[in-house]
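In what follows, a structure is listed as structure tokens, so that the remarks can point back to it.
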Amino acid sequence: MLNVSHVTKKYGKVLACDDLSFHLDPGTVTVLLGPNGAGKSTIIKAMIGFLKYEGEITVKNFSNKTPEARRLLGYIPEMPSLYPNLTVSEHMEFIARAYKLGGNVGRASYQARIDELFERFELTDKRKKFGDELSKGMQQKLNLCLGLLPDPQMLLLDEPMIGLDPHAIKELKLLIEEMRQEGKTVLVSTHMIDSVDMLWDRTIIMKEGKIRANLTRDELAADGRSLEQLFFDMTEEGDAR
């Protein structure tokens, strides 16, 4: 579904991503783990096409910078970026029109999905609230709904569970599982290992811009370590004790 091949990204003299290569298969959930500053957000922004980089990234054999690839990709950033003068409903309407979700059918074709997302993330009674009137937790819920509305074939989530209440975390996990069952591809970047321990099919662990581990759940089970043990083994290797 998505292939990252020899991707390198520098910020000045800082090497944020160092020759990264990996593949994400359809119908799988990959968790991208690493401490702060590991390069997780940088590679996600490169994948979605927000950054220039060396190397190649393709989505179904399309360059990730092409319209064909962008129609397949969805992105939920770590920090919500909302418009203070738009209501919750107007934010969703804006995304629906940007993605041309109505087509010739009109607003009814996506309104049912908006209603479903609002119900799942407890935003139904917040429809008329402006973006800057929402609590940080509610802003993150709206952030999730905006990314989920177009129903992308592949979804990239950057630290999606920060600030969410237990109900929203449960619903997000259910939605990720539903996407997997539908044959879609999901990448979740996080440093909260316990929040994703039951979700993943593959884990990629990064440190200092490099991939330290890339293996499936079955491979880890054969190895005998837990995900947490693998994470600390890979990220604390060589550190002073």
Side-chain angles (χ1 to χ4, degrees), residues 29-34 36 40-42 44-45 47-48 50 70 73-102 106-182 184-200:
V29 177
T30 299
V31 292
L32 180 61
L33 300 175
N36 292 334
K40 304 187 302 299
S41 293
T42 297
I44 285 182
K45 288 176 182 176
M47 291 161 72
I48 202 69
F50 289 172
R70 288 175 176 169
L73 283 172
Y75 171 55
I76 297 176
E78 178 180 358
M79 298 297 294
S81 182
L82 305 179
Y83 297 99
N85 296 323
L86 290 185
T87 66
V88 169
S89 288
E90 287 168 345
H91 275 89
M92 298 293 275
E93 185 74 22
F94 176 82
I95 293 296
R97 294 187 183 188
Y99 279 85
K100 300 179 181 179
L101 299 184
R107 191 168 185 269
S109 64
Y110 58 82
Q111 188 58 51
R113 181 158 175 82
I114 292 177
D115 292 343
E116 176 197 355
L117 289 170
F118 280 179
E119 180 69 23
R120 296 185 77 157
F121 289 100
E122 300 179 314
L123 287 171
T124 301
D125 62 344
K126 304 292 190 298
R127 289 175 181 269
K128 295 182 180 180
K129 292 279 189 181
F130 289 100
D132 61 356
E133 292 180 324
L134 298 175
S135 68
K136 289 187 177 180
M138 288 295 176
Q139 288 182 0
Q140 180 64 349
K141 290 181 181 183
L142 178 55
N143 190 38
L144 290 170
C145 290
L146 293 170
L148 291 164
L149 178 60
D151 196 19
Q153 290 298 304
M154 177 171 183
L155 184 63
L156 311 177
L157 302 103
D158 194 356
E159 299 287 1
M161 298 179 190
I162 292 178
L164 293 182
D165 56 47
H167 173 83
I169 290 174
K170 182 190 76 171
E171 289 299 327
L172 178 57
K173 288 181 177 181
L174 287 172
L175 274 165
I176 290 173
E177 177 58 30
E178 289 166 14
M179 291 185 71
R180 173 164 50 192
Q181 294 298 324
E182 293 167 2
K184 297 172 182 176
T185 306
V186 181
L187 176 72
V188 183
S189 170
T190 186
H191 64 273
M192 300 167 60
I193 301 172
D194 57 344
S195 67
V196 295
D197 194 36
M198 298 305 295
L199 284 174
W200 63 283

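- Formation of a donor-acceptor pair under 3.5 Å by the Arg127 side chain with backbone atoms of Ser89 is not found in this model.
- With a 4.5 Å cut-off on side-chain heavy atoms, Lys126 and Phe118 do not count as touching.
- Residues Gln139 and Asn143 have side chains that never bring a donor and an acceptor to within less than 3.5 angstrom of each other.
- Remark: Glu119 CD is loosely packed, at most 12 non-hydrogen atoms of other residues, nucleotides or ligands lying under 6.0 Å away.
- Once rounded to the nearest 0.5 Å, the distance linking CD1 of Ile176 with CH2 of Trp200 reads 15.0 Å.
- Judged purely by atom type and a 3.5 angstrom limit, Lys40 uses its side chain to pair as donor or acceptor with the backbone of Gly34.
- Taking the side chain as every heavy atom from C-beta outward, Leu134 and Lys141 never approach each other to under 4.5 Å.
- The minimum heavy-atom distance between Phe130 and Pro84, with the atom names listed, is CB-O, 3.4 Å.
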>> Show, in sequence, the C-alpha distance, side-chain angles and deciding distance for Thr190 and Leu33, and conclude whether the side-chain contact (heavy atoms from CB on, under 4.5 Å) test is met.
In response: CA-CA 6 Å; Thr190 186; Leu33 300 175; 3.7 Å; yes
>> Please evaluate residues Leu155 and Leu148 with respect to the criterion side-chain contact (heavy atoms from CB on, under 4.5 Å), reporting the C-alpha separation (whole Å), side-chain torsions for both, the decisive distance (0.1 Å), and the verdict.
In response: CA-CA 8 Å; Leu155 184 63; Leu148 291 164; 3.7 Å; yes
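- Atom CG of Leu149 is separated from atom CE of Met92 by 4.5 Å, given to the nearest 0.5 angstrom.
- Considering only heavy atoms from C-beta on, Thr87 stays 4.5 Å or farther from Glu133 through its side chain.
- Of all the heavy atoms in Ala168 and Asp165, the pair that sits closest is N-OD1, 2.8 Å.
- Within 6.0 Å of NZ in Lys173 there are more than 12 heavy atoms belonging to other residues, nucleotides or ligands.
- Across all their heavy atoms, Pro160 and Leu172 have their closest contact at CB-CD2, 3.9 Å.
- Annotation: side chain of Gln181 is not in contact with side chain of Glu178 (no heavy-atom distance under 4.5 Å).
- A salt bridge links Lys184 to Asp151: one of the charged nitrogens lies within less than 4.0 Å of a carboxylate oxygen.
- Considering OG of Ser189 and CD1 of Ile76, their distance stands at 12.5 Å, rounded to 0.5 Å.
- Across all their heavy atoms, Gly74 and Pro152 have their closest contact at N-CB, 3.5 Å.
- In this structure the side chain of Thr42 never reaches within 4.5 angstrom of the side chain of Lys45, judged on heavy atoms.
- Considering CZ of Arg120 and CG of Leu144, their distance stands at 11.5 Å, rounded to 0.5 Å.
- Looking only at distances, no side-chain donor or acceptor of Gln140 sits under 3.5 Å from a matching main-chain atom of Pro80.
- You'll find the side chain of Lys129 stays beyond 4.5 Å of the side chain of Leu123, heavy atoms only.
- With sequence neighbours excluded, no residue forms a ring pair (Phe, Tyr, Trp, His ring centres under 6.0 Å) with Tyr99.
- Within the 4.5 Å cutoff, the side chain of Glu171 has no heavy atoms near those of the Leu164 side chain.
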>> For a side-chain contact (heavy atoms from CB on, under 4.5 Å) check, start with the C-alpha distance between Asn85 and Glu90, then their side-chain angles and the critical distance, and finish with the verdict.
In response: CA-CA 9 Å; Asn85 296 323; Glu90 287 168 345; over 6 Å; no
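- In this structure, SG in Cys145 is found 12.0 Å from NE2 in His91, a value given to the nearest 0.5 Å.
- In this structure, the separation between CG on Asp158 and CE on Met79 is 11.0 Å, given to the nearest 0.5 Å.
- With a 4.5 Å cut-off on side-chain heavy atoms, Leu187 and Met47 count as touching.
- A salt bridge between Glu93 and Arg97 is present, with a side-chain N of the basic residue lying under 4.0 Å from a carboxylate O of the acidic one.
- Under a 3.5 Å cut-off, the side chain of Glu159 and the backbone N or O of His191 do form a donor-acceptor pair.
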